[in-house]
Number of protein chains: 2
Amino acid sequence: MTGQEDKPARKRRGGGRPTIADVAARAGVSTITVSRALRDPHKVSETLRDRIDQAVRDLDYVPDSHASALASARTNVLGVVVPSLTNNVFSDTLRAIYDGLEGGPLRVQLGNSRYSAAEEERLLRIFLSQRPCALIVAGNDQTPAAREMLENADCPVVQIMEVSPDPVDMMVGFSHFEGGRAAGAHLIAQGYRHIGFVGARMDPRTKRRQAGFAQAMKDAGMYDPALIMTTATSSSVALGGWLLRELRQKRPDLDAVFCNNDDLALGALFECQRSGISVPDEFGISGFNDLEMMAAAFPTLTSVRTDRYGIGLRAVEMIRACLDGHPPARKILDLGFAVQARQSTARSPRD
Amino acid sequence: MTGQEDKPARKRRGGGRPTIADVAARAGVSTITVSRALRDPHKVSETLRDRIDQAVRDLDYVPDSHASALASARTNVLGVVVPSLTNNVFSDTLRAIYDGLEGGPLRVQLGNSRYSAAEEERLLRIFLSQRPCALIVAGNDQTPAAREMLENADCPVVQIMEVSPDPVDMMVGFSHFEGGRAAGAHLIAQGYRHIGFVGARMDPRTKRRQAGFAQAMKDAGMYDPALIMTTATSSSVALGGWLLRELRQKRPDLDAVFCNNDDLALGALFECQRSGISVPDEFGISGFNDLEMMAAAFPTLTSVRTDRYGIGLRAVEMIRACLDGHPPARKILDLGFAVQARQSTARSPRD
DNA sequence: TTGTATGCGTTATCAG
DNA sequence: CTGATAACGCATACAA
């Protein structure tokens with residue numbers, strides 16, 4: 001084979017979108033200059049930058065993120081894995097994550113593990129294979145394999161919703177154990193004496209709240225396992241009513257209940273109303289999380305306020321800090337909680 | 001400076017993960033064969049397939065999705081853009097989408113437009129630049145630019161939550177206008193005569209429900225704009241109480257209210273309880289969407305049931321069908337709604 | 001500050 | 001059914 005002629009313009013495989021080369025040609029520069037002008041504008045002279053920007057607009061050029069990821073082995077994707085999309089707790093946090101990312105270049109890849117550690121592991125494996133710039137996962141109860149993957153991940157990792165002494169990397173949340181204990185202590189302080197616990201789904205955080213509640217009861221010498229009613233079923237308002245009814249049938253002396261979340265608490269309130277039990281005088285109710293409705297109910301419902309939105313914001317802040325090269329000094333951020341005492345536990349003093 | 005020796009094996013840029021070439025070498029085949037064995041197993045002889053599978057396991061090989069996307073100009077990413085992550089309506093649908101994708105190869109890229117058409121357009125632009133295999137967006141009120149982008153997208157597009165005669169491509173939802181009208185008609189049928197409307201956020205779907213409600217009132221000769229109270233503020237239980245209180249102050253003759261969503265309805269119920277107004281005899285309440293809590297409340301709350309979960313499932317089904325080469329005959333799927341009449345509108349007959 | 005050469009890991013194309 | 005080769009579009013490394 002000798003003089004091979006000029007090949008006529010090759011056919012494009014990709015849908016014919018303008019590439020960085022088209023922009024470069026139009027601006028009369030090289031592709032790498034376009035690349036720089038778009039990612040580090042200050043590294044390119046103003047003259048060229050203007051020409052390039054103009055060409056970008058003219059051609060309606062949008063960079064190909066896959067090509068970029070392939071060439072640089074980096075992405076702008078923040079992987080987020082949560083156990084539930086419908087649970088208000090996580091949707092509040094998710095909203096905060098999206099809000100915190102506002103305006104920045106980071107995108108979210110969201111996974112729903114449905115409270116399954118195995119599914120979480122699967123999702124993390126996929127996410128990590130795409131070289132995320134950071135990861136956010138819920139809690140500290142990963143499978144051993146997932147834990148190892150996270151520890152070997154060469155990107156910042158934030159575990160959210162909980163605090164524990166052994167984070168993979170960073171952590172933002174609060175102590176569910178202490179939250180449960182505080183709720184129990186509050187009910188005791190309000191004068192209730194036969195205090196039950198109602199819980200659903202029983203994920204790790206739920207269990208820790210239950211353990212904290214039990215601790216409070218034990219500390220007061222009031223612990224009675226027969227006052228505890230839980231189910232693996234997922235939480236709902238109706239379920240709160242059913243569980244409370246069951247519990248009251250078994251133990252008519254029950255005079256208060258700590259509901260593991262606010263949906264259950266609302267259901268418990270309705271159940272009391274249906275049964276003609278006066279809240280709070282005859283019966284006290286506390287929820288957990290302090291969703292907006294708790295303060296709007298009648299009577300207003302006591303709950304343990306948690307800063308779900310703040311958790312999401314802080315997680316994003318920590319990640320940004322890491323990516324900017326200023327990893328936060330504190331790896332563990334405890335955002336705490338606060339018992340919001342309201343009418344549903346404000347029993348008139350007895351003597 | 002002079003005789004440059006053999007370069008020792010080049011340093012890998014990417015974190016040293018095994019590549020398809022490593023697998024190929026280990027299995028003693030070419031890379032393309034590995035590629036085929038993984039994507040179209042039936043196109044490769046069983047012998048080689050087994051050798052390749054073994055090599056994949058040995059090396060713990062995971063394909064690089066970016067390289068794949070770049071080379072093939074295709075991805076397994078389903079872009080989803082919703083107006084809200086916290087609104088139960090969308091989180092139910094999202095959950096269905098994730099459930100519907102279960103087990104399959106498709107991933108979700110989720111965007112939150114926060115009820116902003118401009119943000120929606122921005123997200124769609126980004127998503128489309130990544131060559132999604134399909135798109136799901138809420139409603140039919142895109143900006144003209146977004147509409148055009150969707151029409152030119154070379155992938156299936158499903159608009160969800162609503163139905164309208166002019167979809168971009170496919171559509172799954174129901175008529176909000178008719179839903180609002182049905183709720184109004186129900187209240188009229190129950191004997192209420194001074195029926196108000198309470199609405200928040202006032203996004204396009206909300207407005208259509210309001211329009212339907214107004215139509216019902218007009219049809220009955222009962223339309224009174226002074227009985228309508230709306231706000232751009234986002235919806236909440238507390239807001240439902242406040243709006244109802246305002247409305248009742250202005251119009252003490254009000255004897256029922258159609259709340260544009262269930263949070264508002266719950267707030268309205270609490271407001272009645274606070275004010276000692278008996279529901280349903282003195283005052284009727286209907287919500288919209290029929291969230292789980294409506295049936296669990298006391299009194300149980302009337303609402304318009306919508307199939308948010310079904311919408312998500314059907315959207316995924318339609319997309320899978322398209323990707324499998326069997327585009328559905330019906331491009332528009334109306335999943336309807338149903339008035340769930342409950343205690344809150346079951347007024348004792350008057351004569 | 002700008003450009004040249006080349007690699008990133010995979011798949012399309014076409015030949016055998 | 002299998003393989004050699006050339007893209008895919010961008011970014012790194014190094015030169016100028």
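In what follows, chains are A, B, ... by sequence order, proteins preceding strands, each numbered from 1.
Straight-line distance from the CG atom of A:Asp64 to the C1' atom of D:dA11: 13 Å, rounded to whole Å. A straight line from CG of A:Asn76 to P of D:dA11 spans 10 Å, rounded to a whole angstrom. Taking atom OH of residue A:Tyr61 and atom C1' of nucleotide D:dC10, one finds them 7 Å apart after rounding to whole Å. In this entry the distance linking CD1 of A:Ile20 with C1' of D:dT12 reads 13 Å, nearest Å. One can place CZ of A:Arg17 at 20 Å from P of D:dA7, the figure rounded to the nearest angstrom. Across the protein-nucleic acid pair, B:Leu70 atom CG and D:dC10 atom C1' stand 8 Å apart, rounded to whole Å. For the pair A:Arg131 CZ and D:dA11 P, the interatomic distance rounds to 15 Å; values are reported in whole Å. One interatomic measurement links the two molecules: NE2 of B:His66 to P of D:dA11, which rounds to 13 Å at whole-angstrom precision.
Under the side chain to side chain donor-acceptor pair (under 3.5 Å) criterion, A:Glu151 pairs with A:Arg147, sequence neighbours left out. In this structure, the side chain to side chain contact (heavy atoms under 4.5 Å, CB included) partners of A:Asp40, at least two apart in sequence or on a different chain, are A:His42, A:Lys43. In this structure, the salt bridge (charged side-chain N to carboxylate O under 4.0 Å, His left out) partners of B:Asp58, at least two apart in sequence or on a different chain, are B:Arg26. Checked against side chain to side chain donor-acceptor pair (under 3.5 Å), A:Glu317 has no partners two or more places apart in sequence or in another chain.
Across all strands shown, B:Arg74 has heavy atoms under 4.0 Å from sugar-phosphate atoms exclusively, and none from any base.
No side-chain heavy atom of A:Met149 sits less than 4.5 Å from a side-chain heavy atom of A:Gln142.
Within a heavy-atom distance below 4.0 Å of DNA chain C, the residues of residues 23-45 of chain A found are A:Val29, A:Ser30, A:Ile32, A:Thr33, A:Arg36, A:Val44, A:Ser45.
Listed by first and then second residue, the salt bridge (Lys or Arg N to Asp or Glu O under 4.0 Å) pairs that reach into residues 102-129 of chain A are A:Glu102-B:Arg114, A:Arg114-B:Asp99, A:Arg114-B:Glu102, A:Glu119-A:Arg122, A:Glu121-A:Arg125, sequence neighbours excluded.
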